[in-house]
Amino acid sequence: MAAPMRRYDFLDVLKRASDVGVEKIMVTAGCMEDVKEATELVKSHDHLYTTIGCHPTRCSEFEKSGDPDGYMNQLLDIAAQNKGKVVAVGEFGLDYDRLQFCPKQTQLKYFEKQFELVEQLQLPLFLHSRNAASDFSDIIRRHRDKFRGGVFPSKKKEKWEKGNFVKSRNEPATIIQVLEVLAGARNENIEDLARVIHDNTQKLFFPSFC
């Protein structure tokens, strides 16, 4: 779930998720402001967790800070102060569809640099790739020995109306629909598949709970 702090229906989203049995939710951070906001938010909800990193469209923040190494160290410090609540590095990667927000070379530089976070924190990856498959794959291969897992997100524009789901928005309460489609496509028993996915998620992102 993308950093939701400015959404009017945030508590509704949490309730809908709880009503359908969602036990844990990751709030995705993509810049320093997100990281600070998300780490504060997840402290107030036992079932919320977050990620730490810089989205490719925000990577210019490293250099705008005036101290890229200091920016990285600040991310590391926040992760250390929120151990157990920060469960993945990301959202980071490459986005060549939106170079107007951050130049290609800057994205490449800080995609690679953030593997320092991966190596030091030893957390799974929350990855982003748009129209950058070749460079993305090359970088992943170069750093494959530094990580143990990752996921790929997608996002859509959203509208809001109190008390209702937002059309086309993926939120935790709709995860059952993803499960139904997967089970149908794989011709597998839905309960057996749910158990496997649940166990794998626990092992990857929440090993201390296993």
Side-chain angles (χ1 to χ4, degrees), residues 1-6 24-43 48-99 101-133 135-155 170 172 201 204-208:
M1 182 169 67
M5 289 64 79
R6 291 174 290 277
K24 296 180 178 66
I25 298 172
M26 278 194 294
V27 179
T28 310
C31 64
M32 187 65 74
E33 181 182 0
D34 282 356
V35 167
K36 291 178 178 178
E37 208 170 355
T39 49
E40 286 302 310
L41 176 72
V42 300
K43 291 175 184 176
L48 294 185
Y49 301 85
T50 190
T51 67
I52 193 160
C54 193
H55 190 278
T57 62
R58 306 296 293 275
C59 276
S60 294
E61 284 194 3
F62 277 95
E63 294 178 355
K64 287 179 180 178
S65 72
D67 182 4
D69 289 332
Y71 188 102
M72 179 69 70
N73 289 333
Q74 190 173 358
L75 292 176
L76 287 168
D77 288 344
I78 293 172
Q81 293 163 15
N82 294 275
K83 194 172 182 180
K85 280 294 191 177
V86 174
V87 296
V89 174
E91 178 181 353
F92 75 127
L94 299 172
D95 191 325
Y96 290 173
D97 280 343
R98 294 183 285 179
L99 295 175
F101 296 114
C102 184
K104 178 178 177 179
Q105 291 307 314
T106 304
Q107 289 192 29
L108 287 166
K109 179 177 180 179
Y110 292 104
F111 181 26
E112 295 237 31
K113 186 169 182 62
Q114 287 182 85
F115 279 94
E116 295 176 19
L117 286 174
V118 176
E119 192 167 28
Q120 294 194 49
L121 297 175
Q122 287 297 296
L123 292 172
L125 279 60
F126 199 113
L127 296 164
H128 179 105
S129 177
R130 275 192 181 184
N131 197 24
D135 288 343
F136 182 88
S137 298
D138 287 346
I139 291 172
I140 290 294
R141 277 193 292 268
R142 283 202 294 275
H143 297 278
R144 184 62 187 88
D145 61 329
K146 297 176 182 174
F147 65 90
R148 55 191 175 90
V151 297
F152 295 80
S154 63
K155 300 178 180 178
N170 185 21
T201 301
L204 180 61
F205 292 106
F206 309 103
S208 62

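- Rounded to the nearest 0.5 Å, atoms CD (Gln81) and CG (Leu76) are 11.0 Å apart.
- Looking at Cys54 and Tyr71, their side chains come closer than 4.5 Å, going by heavy atoms from C-beta outward.
- At a threshold of 4.5 Å between non-hydrogen side-chain atoms, the residues Met72 and Pro68 do not count as touching.
- Between the NZ atom in Lys146 and the CG atom in Leu121 there is a gap of 13.0 Å [rounded to 0.5 Å].
- The pair Lys43-Glu40 meets the salt-bridge criterion, with a side-chain N (NZ, NE, NH1 or NH2) lying under 4.0 Å from an Asp/Glu carboxylate O.
- Of all the heavy atoms in Phe205 and Pro124, the pair that sits closest is CE2-CB, 3.6 Å.
- Residue Gln107 comes nearest to Arg98 through the heavy atom pair NE2-O, 4.4 Å, listed as atom of the first residue, atom of the second, then distance.
- Rounded to the nearest 0.5 angstrom, Thr57 OG1 and His128 NE2 are separated by 7.0 Å.
- The minimum heavy-atom distance between Leu94 and Ala132, with the atom names listed, is CB-CB, 3.7 Å.
- Note that CG of Leu75 is 11.0 Å distant from CD of Gln120, once rounded to the nearest 0.5 Å.
- Atom OG of Ser137 is separated from atom CZ of Arg144 by 12.5 Å, given to the nearest 0.5 angstrom.
- Considering only heavy atoms from C-beta on, Leu108 comes within 4.5 Å of Ile139 through its side chain.
- Remark: aromatic rings of Phe92 and Tyr110 are distant, center separation not under 6.0 Å.
- Using a distance-only test at 3.5 Å, with no hydrogens or angles considered, no donor-acceptor pair links the side chain of Thr50 to the main chain of Thr39.
- Looking only at side-chain heavy atoms (C-beta outward), Tyr96 and Asp135 come within less than 4.5 Å of each other.
- Using cut-offs of 30° and 60° for the angle between ring planes, the Phe115 and Phe147 rings count as tilted.
- With rounding to the nearest 0.5 Å, the separation of CG in Asp34 from CD in Glu91 is 9.5 Å.
- The existence of a salt bridge linking Arg58 and Glu61 is confirmed by a sub-4.0 Å separation between a basic side-chain nitrogen and an acidic carboxylate oxygen.
- Side-chain contact between Glu37 and Val27: absent, with no pair of heavy atoms (C-beta onward) separated by less than 4.5 Å.
- Listed here is the closest heavy atom pair of Asp95 and Leu99: O-CD2, 3.8 Å.
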Determine whether Val42 and Val86 satisfy the following criterion, side-chain contact (heavy atoms from CB on, under 4.5 Å), listing intermediate values before the conclusion. CA-CA 9 Å; Val42 300; Val86 174; over 6 Å; no
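- Salt-bridge formation is not detected for the pair Glu112/Lys109: no Lys NZ or Arg NE/NH1/NH2 atom is positioned less than 4.0 Å from an Asp or Glu carboxylate oxygen.
- The two residues Ile52 and Ala79 make their nearest non-hydrogen contact at CD1-N, 3.6 Å.
- Shortest non-hydrogen contact noted between Met32 and Ile78 is SD-CD1, 3.9 Å.
- Using a 4.5 Å heavy-atom threshold, the side chains of Thr51 and Val87 count as separate.
- Here the side chains of Thr28 and Phe126 are in contact, with some heavy-atom distance below 4.5 Å.
- Using a 4.0 Å cut-off between charged side-chain N and carboxylate O, Asp69 and Lys113 make a salt bridge.
- Contact annotation: the side chain of Pro103 never approaches that of Cys59 to less than 4.5 Å [non-hydrogen atoms, C-beta and beyond].
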